[in-house]
Number of protein chains: 2
Amino acid sequence: MTNIRKVAELAGVSVATVSRALKSPDIVSPTTREKVLKAVDQAGYKPNLMAVQFRSQRTYNLVVLVPTIANTFFARVISGIQEAAQERGYGVLLCNTLGNEAMETQYASLVSTRQADGVIQLRAFNPFSEKAFPDGAVLPMINACEVLDDAPCPTVKLDNRAAAREATEHLISLGHRRIGMIKGPRRSPLTRDRQQGYQDALSAADIALDECLLCPGDFTPRSGYQSAETLIALAERPTAIFCESDEMAIGAISRIKEAGLRVPEDISVAGFDDIAFASYSDPPLTTIAQPAEAFGREAVAMLIEVLEGRQVDNLVLPYTLVSRASTATCRP
Amino acid sequence: MTNIRKVAELAGVSVATVSRALKSPDIVSPTTREKVLKAVDQAGYKPNLMAVQFRSQRTYNLVVLVPTIANTFFARVISGIQEAAQERGYGVLLCNTLGNEAMETQYASLVSTRQADGVIQLRAFNPFSEKAFPDGAVLPMINACEVLDDAPCPTVKLDNRAAAREATEHLISLGHRRIGMIKGPRRSPLTRDRQQGYQDALSAADIALDECLLCPGDFTPRSGYQSAETLIALAERPTAIFCESDEMAIGAISRIKEAGLRVPEDISVAGFDDIAFASYSDPPLTTIAQPAEAFGREAVAMLIEVLEGRQVDNLVLPYTLVSRASTATCRP
DNA sequence: ATGAAAGCGCTAACAG
DNA sequence: CTGTTAGCGCTTTCAT
């Protein structure tokens with residue numbers, strides 16, 4: 001492998017000059033620069049970035065901790081991350097953690113071991129030990145999408161409570177009063193906030209909360225399918241279901257139809273995320289559109305700010321209620 | 001940041017001893033080992049892997065070139081890659097190339113610049129220039145899923161021709177003789193092979209090929225939707241459609257229903273990939289199941305073999321026809 | 001404008 | 001078993 005020394009010999013200059021000709025062309029004389037560039041070309045020289053990084057103590061790699069890459073919402077977030085990182089000369093180390101905290105901690109240590117400069121965490125968990133970054137220290141991390149309440153770092157998120165409230169209000173405005181909810185994982189702040197929003201809407205409309213209508217889920221189509229089954233079987237069946245993800249909504253619709261019921265005639269269904277399939281489901285899904293790619297892009301921009309020692313504010317991104325055919329007037 | 005020297009001072013030994021105590025504990029005396037480990041703990045020492053890598057000339061990073069991470073099939077492949085890489089102590093540098101050759105070349109140069117040890121390419125394109133790896137040299141690359149005909153490296157793929165033939169034969173066996181096909185990108189070997197399989201099946205059943213029934217697509221639901229529109233509008237409408245991806249099949253079904261036609265009563269639809277949504281579409285999708293995660297796992301295993309200088313054979317993974325409700329007997 | 005030389009943190013001869 | 005020493009390839013003072 002050709003290194004800078006080879007190039008220096010070939011050009012008849014010192015290694016320092018080669019380095020300078022490449023990094024700050026303006027401070028070497030045009031003639032030397034020419035010579036160097038010719039030698040670089042001739043030798044097919046590519047700087048060993050491992051050495052460069054080692055020297056400069058920066059890797060230009062970002063670690064992304066994603067709960068599951070199989071979820072199309074996260075896939076979109078990652079696209080955004082990937083794109084923004086590339087533009088700024090950073091690589092992306094993708095870690096599919098499946099929500100496993102040990103794994104997240106392990107991956108975060110890529111930063112302690114200087115394999116990466118910072119972390120984008122897409123789940124509400126701090127993967128850094130007190131030890132690695134004692135108190136006062138600024139964590140090289142951004143927490144995005146699902147955010148810790150007392151995050152030790154800057155965050156980008158949606159106003160999940162408001163969004164869930166709006167989705168629920170949409171159903172209420174269609175005349176629904178018995179509205180089921182298929183939730184996300186138990187201890188997720190995201191789920192808690194969305195449930196809050198759901199309850200806010202009910203309260204505002206003077207509808208009493210019925211715990212039976214609250215079903216567990218894990219964002220997969222399968223869990224939506226199963227929880228829909230429970231809801232359908234209820235003595236007093238809901239006329240609408242609000243799902244915390246489109247994937248669950250699609251699973252739920254599948255189960256509802258299997259039971260011989262129609263969407264939205266018998267049961268309206270609303271989702272959350274606005275994934276690509278939402279438009280192609282039957283019926284097309286009413287949902288809350290999240291700016292998934294923007295989450296990724298913003299997280300990268302913020303993380304780089306942090307890495308460069310600047311102050312960063314938390315960010316709340318906008319959502320939109322997209323009304324499609326899966327929700328309709330209640331006609332019991 | 002604490003480094004090996006600090007630890008050495010703290011333990012009252014040389015840096016070499018610290019290094020040894022950590023890398024090959026058996027060749028240092030138990031007492032020194034203890035001292036060193038205590039010092040390591042006390043200093044909160046983590047080896048600077050950048051330095052280790054720099055020294056050992058290995059990064060333990062793999063580059064993955066993926067056409068689009070938004071496709072759930074690739075998401076599964078990546079999960080497999082990710083998992084296998086982690087088990088073997090490798091990190092994954094994910095590159096969403098959108099099929100852009102310049103981008104792929106650029107990312108592949110992470111290897112030339114020693115940011116990564118090898119490449120897993122999920123598209124039929126060689127991202128390495130002749131210059132970087134002259135002829136004889138063994139490319140540190142595995143080509144998976146969509147494979148070049150004369151790949152310059154080991155490959156893992158499906159027998160796409162046989163799989164497409166089987167899917168088509170399934171439709172023929174149901175009495176269909178007018179079978180549309182929604183294809184993948186124009187110049188993809190994958191598309192060519194699948195079309196071959198489709199034609200193989202037609203020939204074997206003495207059905208003449210009708211070019212009108214061949215529609216373009218790009219694996220997205222949207223393209224399936226559009227091509228279905230074309231097929232429906234045909235004077236002699238097909239009674240079945242074979243799509244090269246489930247995402248297109250889902251788009252196609254959506255369009256067919258919009259036209260007031262029923263699946264499978266009026267038109268049967270078959271897909272390819274068996275993504276998670278295939279079971280939850282209405283009707284559930286008949287499709288060719290690919291072992292997506294296995295592609296990822298095998299590619300990693302093979303790449304590491306190559307990196308360690310061993311010989312590797314090409315691999316063909318098995319597929320399965322999964323028959324669900326979207327295909328049924330032809331009754332014109 | 002250029003060169004000589006130090007050193008980033010670590011490992012691996014080579015001595016002892 | 002342990003210490004000394006020489007780099008890995010590069011950037012960056014400090015001289016010239």
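Every chain is numbered from 1, with letters handed out A, B, ... down the list of sequences.
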For B:F54 and D:dC8, are the ring centres under 5.5 Å apart with planes inclined under 30°? yes
Rounded to whole Å, CG of A:N3 lies from P of D:dC10 at a distance of 6 Å
Would you state whether a donor and an acceptor, one from the side chain of B:R114 and one from the base of D:dG9, lie under 3.5 Å apart? no
Taking C:dG3, C:dC10, C:dT2 as options, the one with an atom nearest any side-chain atom of B:I4 is C:dC10
inquiry  = Are the side chains of A:Y45 and A:I4 in contact, using a 4.5 Å heavy-atom criterion?
reply    = yes
A:R55 CZ to C:dG7 C1', in whole Å, measures 6 Å
A:K23 atom NZ is separated from C:dT2 atom P, nearest whole Å, by 19 Å
Is any side-chain nitrogen or oxygen of A:S14 closer than 4.0 Å to OP1 or OP2 of C:dA4? no
When rounded to whole Å, the CZ to C1' distance for the pair A:R5 and D:dT11 reads 14 Å
Between OH of B:Y60 and P of C:dC10 the distance, given in whole Å, is 17 Å
Here the distance between atom C1' of C:dC14 and atom CD1 of B:I27, to the nearest Å, is 14 Å
query = Is the closest side-chain heavy-atom distance between B:S24 and B:V28 below 4.5 Å?
reply = no
(Q) Under 4.0 Å, counting only non-hydrogen atoms across every strand here, what does B:T32 touch: a base, just sugar-phosphate, or nothing? (A) sugar-phosphate
Of D:dG9, C:dT11, C:dT2, the nucleotide closest to the side chain of A:V28 is C:dT2
Regarding the side chain of A:S29, the nearest nucleotide among D:dG3, D:dT2, C:dT2 is C:dT2
Decide, yes or no, whether a salt bridge links B:R310 with B:E305 under the criterion of side-chain N to carboxylate O below 4.0 Å. yes
I want to check something: taking the side chain as every heavy atom from C-beta on, are A:V63 and A:I120 in contact at a cut-off of under 4.5 Å?
no
Practice problem: Quick one: sort the B:F54 and A:F54 rings into parallel, tilted or perpendicular, breaks at 30° and 60°. | Solution: tilted
Practice prompt. Using only side-chain N and O atoms of A:T17, determine if any of them is under 4.0 Å from OP1 or OP2 of C:dT2.
Written response: no
query: Quick one: the side chain of A:R20 and the base of C:dG3, do they pair up donor-acceptor inside 3.5 Å?
result: yes
DNA chain D nearest-nucleotide lookup for A:V15 and B:A51: closer to the 5′ end is B:A51
ask   = Looking at B:Q53, does any N or O in its side chain come under 4.0 Å of the phosphate oxygens OP1/OP2 on C:dG9?
value = no
A:M50 CE to C:dG9 C1', in whole Å, measures 13 Å
Separation of C:dT11 atom P from B:R58 atom CZ, nearest Å, is 15 Å
